[in-house]
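Note on naming: letters A, B, ... go to the chains in the order of the sequence lines (proteins, then strands), and numbering restarts at 1 for each one.
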Number of protein chains: 2
Amino acid sequence: MFSKSTEYALRATIYIARQSSIHKKVSIQEIAEGIGAPKHFTAKILQQLSNKNAQIVSSISGPSGGFYITEEASKKPIYIVVEAMGENTVIESCVLGLPNCNDATPCSMHKSYKGIKKELLGMFKNRTINEVANSKDCLTPVYFNRNK
Amino acid sequence: MFSKSTEYALRATIYIARQSSIHKKVSIQEIAEGIGAPKHFTAKILQQLSNKNAQIVSSISGPSGGFYITEEASKKPIYIVVEAMGENTVIESCVLGLPNCNDATPCSMHKSYKGIKKELLGMFKNRTINEVANSKDCLTPVYFNRNK
DNA sequence: ATTATTAAAGATAATTTTGTCCTTAATTTT
DNA sequence: AAAATTAAGGACAAAATTATCTTTAATAAT
């Protein structure tokens, strides 16, 4: 569904948010290992998530530094991560990739996809980063990288 | 959601099915123009859809030749197109891309995504190629490439 | 038979995505 | 102040995806 970049972005955000909720900052090293993603590639993604436009994750250099997410940011919908990675179109556009598909001039799948798209969008827009990160639905202690 | 290849594959299949339902064969040229995809790339995709494993579209070389879909094939679910392109995982796997995510060891989004995934899968598995191609939901005479 | 038309197949190229490496800057600890 | 630790940023490389081009094979019409 999403690109690797966006998958990593979501996983990283959730990982950091979990640690931040117990007031822990985490290093790129730890994040990368925790989410099962290449270290330097993870670094690049974290830059995108922390830049001026996105401001989803925060960071501090130097020893005892690392990444964290403010309480304010963690109250925003998880959707902003997808948006920051520029992949909100994945959820919002036509299944057949038609640029001119809409309610007025629908493609063959438009009607059946419309409701699903709405739910999909809701899944990202109606749940905050914090809610997702600390979801009770996910009972396992370590979320990612279990098979390492 | 899907790669360009799969989008083109779905569009091409629908386009051919529509023409086949009025007993018309169509050339690569016509298909490519009709769906708004590069000609030679479309040809490659049609090869994938017509090969021994897939057998979704049929073709005949030479003048008055072209592509068509048999009545039998058009009764199969549109899902087989996605499958032939090797992208059924897009619909069937974890949103976060975790290989070990399942009901027993769910990721943070698993529960909320589960129902959506089921609907998404149903959209492709419960509708035949013919149903999608000749859907009454789509009223516009030309499905694709309207802005050319 | 020859020519024209069409798909099949293979080679190559461009672009995008993914991944790695190295240097620099910031910050803390000693 | 010096050393150590961490993120930031830029350059580069590998792989995958998307796109193009050329030749060959099949088939029909002339």
Subject >> Passing candidate, side chain to side chain contact (heavy atoms under 4.5 Å, CB included) with A:Leu96, options B:Leu10, B:Ile35, B:Thr6 >> reply: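 Per the side chain to side chain contact (heavy atoms under 4.5 Å, CB included) rule, the option paired with A:Leu96 is B:Leu10, out of B:Leu10, B:Ile35, B:Thr6.
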**OP:** May I ask whether B:Phe41 and B:Ile31 are part of the same hydrophobic cluster, defined by side-chain heavy atoms of I, L, V, M, F, W, Y residues being less than 4.5 angstrom apart, directly or through others?
**Re:**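 They do share one cluster, since a chain of ILVMFWY contacts under 4.5 Å joins B:Phe41 to B:Ile31.
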**OP:** Can you see which heavy atom on B:Ser3 is nearest to which on B:Glu87, and at what distance?
**Re:**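 Looking at all heavy atoms of both residues, the closest pair is OG-OE2, 2.5 Å.
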Subject >> Shortest non-hydrogen separation from B:Met123 to B:Ile78 and the atoms involved >> reply: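 Heavy-atom minimum between the residues: O-CG2, 4.2 Å.
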Subject >> OG-NZ distance between B:Ser112 and B:Lys114, expressed to the nearest 0.5 angstrom >> reply: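 Interatomic distance, B:Ser112 OG to B:Lys114 NZ, rounded to 0.5 Å: 12.0 Å.
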Subject >> Gap between atom CD1 of A:Ile16 and atom OG of A:Ser21 - 0.5 Å precision >> reply: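 Separation between the atoms: 12.0 Å.
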For the pair made of [atom1] in [X] and [atom2] in [N], what is the distance, rounded to whole Å?
X       : N      : atom1 : atom2 : answer
A:Leu49 : D:dA8  : CG    : P     : 11 Å
A:Gln47 : D:dG10 : CD    : C1'   : 10 Å
B:His40 : D:dT20 : NE2   : C1'   : 6 Å
B:Lys4  : D:dA16 : NZ    : C1'   : 16 Å
A:Phe41 : D:dG10 : CZ    : P     : 17 Å

Subject >> Residue pair A:Asn102 / A:His110, side-chain donor-acceptor N/O under 3.5 Å >> reply: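 Absent: no donor and acceptor within the cut-off.
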**OP:** Go through the side-chain N and O atoms of B:Gln19 and B:Lys25 and say whether any donor and acceptor fall under 3.5 Å apart.
**Re:**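 Looking only at side-chain atoms, B:Lys25 and B:Gln19 do not form any donor-acceptor pair under 3.5 Å.
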Subject >> Aromatic ring proximity B:Phe2/B:Phe124, centre distance under 6.0 Å >> reply: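 For B:Phe2 and B:Phe124, the ring centres are under 6.0 Å apart.
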**OP:** Could you tell me whether A:Lys44 contacts a base, only the sugar-phosphate backbone, or nothing, with contacts defined as non-hydrogen atoms closer than 4.0 Å?
**Re:**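 Counting heavy atoms under 4.0 Å across all strands, the contact made by A:Lys44 includes a base.
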**OP:** Examine D:dT18: is either OP1 or OP2 under 4.0 Å from a nitrogen or oxygen in the side chain of B:Tyr8? Give yes or no.
**Re:**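 Checking B:Tyr8 against D:dT18: no side-chain N or O falls below 4.0 Å of OP1 or OP2.
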Subject >> Contact boundaries on DNA chain C for chain A, cut-off under 4.0 Å to non-hydrogen atoms >> reply: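 Range of nucleotides within reach of chain A: C:dT18 to C:dT28.
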For [range], which residues have at least one heavy atom under 4.0 Å from DNA chain D?
range                     : answer
residues 19-30 of chain A : A:Val26, A:Ser27, A:Ile28
residues 79-95 of chain A : none
residues 50-63 of chain B : B:Ser61, B:Gly62, B:Pro63

Original post:
Hey, are the side chains of A:Cys94 and A:Tyr113 touching, using non-hydrogen atoms and a 4.5 Å cut-off?
Top reply: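 They are not in contact (no side-chain heavy atoms under 4.5 Å apart), so the answer is no.
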Original post:
For C:dA14, what is the paired nucleotide under Watson-Crick or G-U wobble rules, both distances under 3.5 Å?
Top reply: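 Checking every strand shown, C:dA14 finds its partner in D:dT17, with both distances under 3.5 Å.
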Original post:
Listed by chain and number, what are the side chain to side chain contact (heavy atoms under 4.5 Å, CB included) partners of A:Ala9, not counting sequence neighbours?
Top reply: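 Per chain and number, A:Ala9 pairs via side chain to side chain contact (heavy atoms under 4.5 Å, CB included) with A:Ile45, A:Leu49, A:Val81, A:Met85.
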**OP:** Kindly say whether B:Glu131 contributes a backbone atom to a donor-acceptor pair with the side chain of B:Thr128 at under 3.5 angstrom?
**Re:**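 Present.
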Give every donor-acceptor pair under 3.5 Å between a side-chain atom in residues 66-74 of chain B and any protein atom, sequence neighbours left out.
| from | atom 1 | to | atom 2 | distance (Å) |
| --- | --- | --- | --- | --- |
| B:Thr70 | OG1 | B:Ala73 | N | 3.0 |
| B:Ser74 | OG | B:Glu71 | O | 2.9 |

